[in-house]
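Before any comments, here is the structure.
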Amino acid sequence: MAWLLRRAKGLALFVAAAASAAGPARTQMPITIKVATHYNAKQSAPLLACFSQYEASHPGVRIVHQQVSYRDFLQTTLISRLGGSPVDIYNLYSIWAPQLIGMRALDLPPPDIERFVRSSYKQSTVAAASIGGRLYGIPSAVSVYQLAFNRRLLTAAGVAEPPRTWSELERTAAAITRKNRGGNIVVGGYAYGQSVANVTHVFYAQMYAAGVAPYTPDLRGTNLRSPVAVGILQRQAELFRKGITSNSIQTRDFTGGAVGMTVIANWQKDMLRAAFGPRFEETVGIAPIPTDGPGGTMIYSFFWGVDAASRVKRQAWELLRWLNTARTPGGLSCTGAMLAGMGDLTGNTQDLSAMADRIADPFSRHFLAALNAPGAASQANVWHADEVDRLLKYYIEMAWAGRMSSAAALAEADSEIQAILKEQP
Amino acid sequence: MSTRAVSIGEWLSSRRVAPYLFVAPIIVFGLAFFVGPLLFAAFVSLTDWDGLGHPRWVGLGNYLYLAVTDRFFLKSILNTFYFAFGSVAVGVPAALVTAAIIARSKYQAFWRTVYWLPMVTNIVAIAYIWKFVLADTNGLVNRALGVVGLPEPNWLTSPSISMLSVILVAAWMSLGHNILLFLTGLNNVDQSYYEAAEIDGANAVQLFRHVTIPLLMPTILFVLITSFIAALSSFALMLILTEGGPVRSTTVTGLYLYDMAFTDLRLGRASAAAYVLSAIILTISLVQLRLFRRGGVEAH
């Protein structure tokens with residue numbers, strides 16, 4: 001019997017040794033890693049160049065980039081899972097995470113990746129890639145909202161400094177606004193837009209600036225009925241009621257020089273620079289979100305995640321670590337190079353150091369300062385966040401249009417949002 | 001062996017089997033693409049399903065949610081009716097009058113082609129062009145109104161008139177199709193009726209009112225019914241032209257349930273909403289068909 005056990009032990013050791021010897025050979029097996037992002041060909045060019053480098057240094061690894069429109073990203077990736085061909089790596093907007101985790105679609109990073117993230121990224125971006133205290137990926141782009149103002153229009157209206165409070169904003173905007181004979185605003189003192197980013201996110205940013213988070217810490221309730229929230233919406237609606245702003249003039253008109261002030265995110269730098277050309281710096285100014293509160297804003301982030309159903313999870317995490325590590329000492333990572341090209345910011349501290357010269361201009365400096373300020377808070381990753389944000393947008397617009405009082409609109413929004421939040425497991 | 005083959009052949013070509021064999025392809029097609037999805041949607045409407053995981057049985061929960069909790073669903077149905085009635089009320093008379101004028105033209109084929117052009121143009125292109133034309137400050141329409149000193153409405157950004165703008169664009173889009181149907185009807189009207197009426201001293205308006213319209217009634221009813229049903233289920237134009245806004249003033253039920261299904265991944269609730277919309281369309285269609293039979297074709 002002892003002889004038999006010794007033989008079995010020997011056989012087991014042989015099998016283990018053979019398996020470990022075959023390990024490296026297995027990594028040489030041809031594999032394909034599919035990476036889905038919402039970046040277009042021009043934006044993702046530095047990333048695609050890195051993919052080629054990685055393929056050259058890792059024989060047998062093929063990387064396929066899939067560009068998916070931002071609007072359809074979640075749906076497209078989920079449907080590809082349903083079709084049995086999931087993407088291996090996603091670049092995800094953090095608010096999509098709860099639904100994906102609810103479906104068990106996201107893999108947890110291996111311990112070494114988690115250590116890498118926690119030691120190399122700013123805490124606020126690590127928090128954005130975490131749900132329920134568990135990290136689900138590697139942070140990538142980070143955007144923060146600030147007030148953008150057209151220096152020329154402010155100067156023409158006799159205003160030297162950007163507004164610091166909402167009352168100042170209202171006065172400045174009123175001084176800038178010009179209408180045509182038909183009563184339509186041709187130059188808007190202040191502008192919103194029609195997208196969730198231009199409506200709901202701006203509202204959230206104002207709430208954070210006023211010192212009140214839109215959602216409770218457990219993400220199962222809202223603070224939308226709070227006097228602060230109601231006050232913010234009331235003052236927004238006042239701008240419409242007084243004809244200082246309207247739906248005719250929108251955030252996108254800022255690039256055409258027809259808007260005095262609006263709230264934008266830093267990733268629009270490239271677009272604004274292209275629109276204003278050599279007059280960019282002398283025209284576009286950035287200032288904190290005007291508020292009577294302690295100050296602050298909202299951060300929203302993207303992160304790299306790996307699909308739980310991927311057949312190449314280990315290789316996917318390896319690739320992600322490689323993409324997010326500086327390629328040369330003191331240089332940018334591949335993700336950092338892509339983000340820097342767009343004028344975007346990152347939570348990767350080494351990339352931020354390497355980007356120093358690129359983000360030294362006043363535009364980026366203001367956004368970076370806002371990102372590091374204590375009042376900057378990550379967007380809450382609430383359950384069905386897209387749906388919740390659209391719902392809130394509708395009620396905010398109802399108040400703007402004067403069809404509901406601010407208090408009633410936010411009370412209705414709160415009831416409907418609570419019903420959605422109650423669904424979460 | 002051959003006896004058996006012959007008997008199978010005979011059996012297949014027998015009167016009892018052959019008719020079913022001939023209609024089998026259409027039955028299989030209908031079951032696979034109409035009845036099957038309908039039954040599946042009925043099942044899904046009784047579940048909570050995101051399209052990926054396992055559906056969770058909720059019974060009539062989705063219908064209850066739409067009726068009680070969802071404060072916008074009823075409004076979306078009202079928007080749908082506003083759009084359907086509006087586009088028929090504007091589009092059908094416009095098509096009828098235009099067709100009557102074209103019917104008297106020597107260049108009928110040319111005008112038919114001109115009015116048919118929007119029908120062969122992609123709806124996305126149409127919506128984008130109208131977006132520019134109806135823009136508040138720099139749109140062609142408002143620029144023209146401004147030149148003559150008229151008020152410049154916020155066609156697509158005012159919640160009060162945005163649906164009216166969508167109705168006008170939809171009526172313009174469907175004009176060619178309806179003109180073609182009316183022209184076919186008009187060309188089939190016996191000219192002797194007109195000659196007789198003219199001899200009796202009828203003028204152009206009287207001819208149109210007392211000869212053209214009564215004789216064209218079956219076509220008019222057909223156009224009314226098909227246009228109304230098509231309008232009840234349309235949403236693509238709103239999706240591109242206004243994205244349902246402002247303040248959801250142009251969000252019809254089709255668009256609302258599209259977002260529910262494909263943006264929010266609430267397939268159960270969207271299926272329930274689709275069933276409610278289908279029930280409404282079915283009821284209206286049955287009423288219209290009854291009118292079509294009694295007050296329409298049979299009466300004329």
Side-chain angles (χ1 to χ4, degrees), chain A residues 71-72 74-83 86 96 99-100 102-105 179-188 193-195 199 246-250 253 256 258 384-388 390-391 393-404 409 412-413 415-416 418-420 423, chain B residues 48-54 56 58 61 65 68-73 75-76 131 134-139 141-162 239 242-249 251 256 258-267 269:
Chain A
R71 187 188 159 99
D72 304 325
L74 187 61
Q75 293 73 20
T76 308
T77 47
L78 289 177
I79 287 163
S80 71
R81 292 188 97 240
L82 190 66
W96 297 332
Q99 260 176 286
L100 287 165
M103 294 169 192
R104 296 179 185 172
K179 294 180 181 175
N180 64 9
R181 279 190 305 167
N184 282 324
I185 294 178
V186 286
V187 177
Q194 287 183 318
S195 69
V199 180
S246 78
N247 289 332
S248 305
I249 200 87
Q250 301 194 5
D253 297 316
H384 271 272
D386 262 343
E387 188 181 354
V388 164
R390 279 204 334 277
L391 193 64
K393 174 180 175 276
Y394 167 60
Y395 283 106
I396 290 172
E397 288 176 336
M398 287 291 272
W400 289 356
R403 296 189 165 196
M404 286 177 98
E412 290 279 320
S415 322
E416 289 200 47
Q418 296 275 11
I420 294 171
E423 294 171 358
Chain B
D48 178 15
W49 191 44
D50 58 16
L52 296 165
H54 297 291
R56 189 171 59 86
V58 292
Y65 181 91
V68 180
T69 312
D70 191 329
R71 293 172 176 90
F72 185 73
F73 183 63
K75 178 79 179 16
S76 81
K131 240 180 173 174
L134 297 174
D136 290 348
T137 45
N138 298 314
V141 173
N142 276 1
R143 279 290 173 107
L145 290 172
V147 167
V148 293
L150 287 171
E152 299 170 30
N154 299 331
W155 297 103
L156 299 174
T157 58
S158 162
S160 325
I161 60 164
S162 52
L239 177 67
T242 59
E243 293 180 40
V247 203
R248 289 185 179 171
S249 56
T251 300
Y256 192 48
Y258 169 85
D259 269 338
M260 256 185 228
F262 302 110
T263 307
D264 304 335
L265 297 172
R266 293 187 183 279
L267 296 184
R269 197 177 294 165

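Below, chain A is the first sequence line, B the second, and so on; all start at residue 1.
Of the atoms belonging to R266(B), it is side-chain heavy atoms, and not backbone ones, that fall under 4.5 Å from chain A. With a threshold of 4.5 angstrom between heavy atoms, E412(A) approaches chain B through its backbone and through its side chain. For a residue to count as touching a neighbouring chain, one of its non-hydrogen atoms must lie under 4.5 Å from one of that chain's; by this rule S160(B) touches chain A with backbone and side chain alike. Contacts between M398(A) and chain B at a heavy-atom distance below 4.5 Å involve backbone atoms as well as side-chain atoms. Residue R104(A): no heavy atom, backbone or side chain, is found under 4.5 Å from chain B. Both the backbone and the side chain of P159(B) come within contact range of chain A, judged by heavy atoms closer than 4.5 Å. Only the side chain of N142(B) comes within less than 4.5 Å of a heavy atom in chain A; its backbone stays farther off.
Taking the side-chain contact (heavy atoms from CB on, under 4.5 Å) definition, one finds that T137(B) meets it with N184(A), V186(A), sequence neighbours left out. Remark: R143(B) engages N138(B) in a side chain to side chain donor-acceptor pair (under 3.5 Å) (not counting sequence neighbours).
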Derivation of the side-chain contact (heavy atoms from CB on, under 4.5 Å) call for R71(B) and Y395(A): CA-CA 11 Å; R71(B) 293 172 176 90; Y395(A) 283 106; 3.9 Å; yes
Please report the C-alpha distance between I185(A) and S246(A) in whole Å, then the side-chain angles of each, then the deciding distance to 0.1 Å, and finally whether the side-chain contact (heavy atoms from CB on, under 4.5 Å) criterion is met. CA-CA 7 Å; I185(A) 294 178; S246(A) 78; 3.9 Å; yes
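The residue among H384(A), K393(A), R181(A), Q99(A) with the most heavy atom pairs within less than 4.5 Å of chain B is H384(A).
One N or O on the side chain of Q75(A) and one on the backbone of T263(B) form a donor-acceptor pair closer than 3.5 Å.
Counting heavy atoms from C-beta outward, R390(A) and D264(B) have side chains that approach closer than 4.5 Å.
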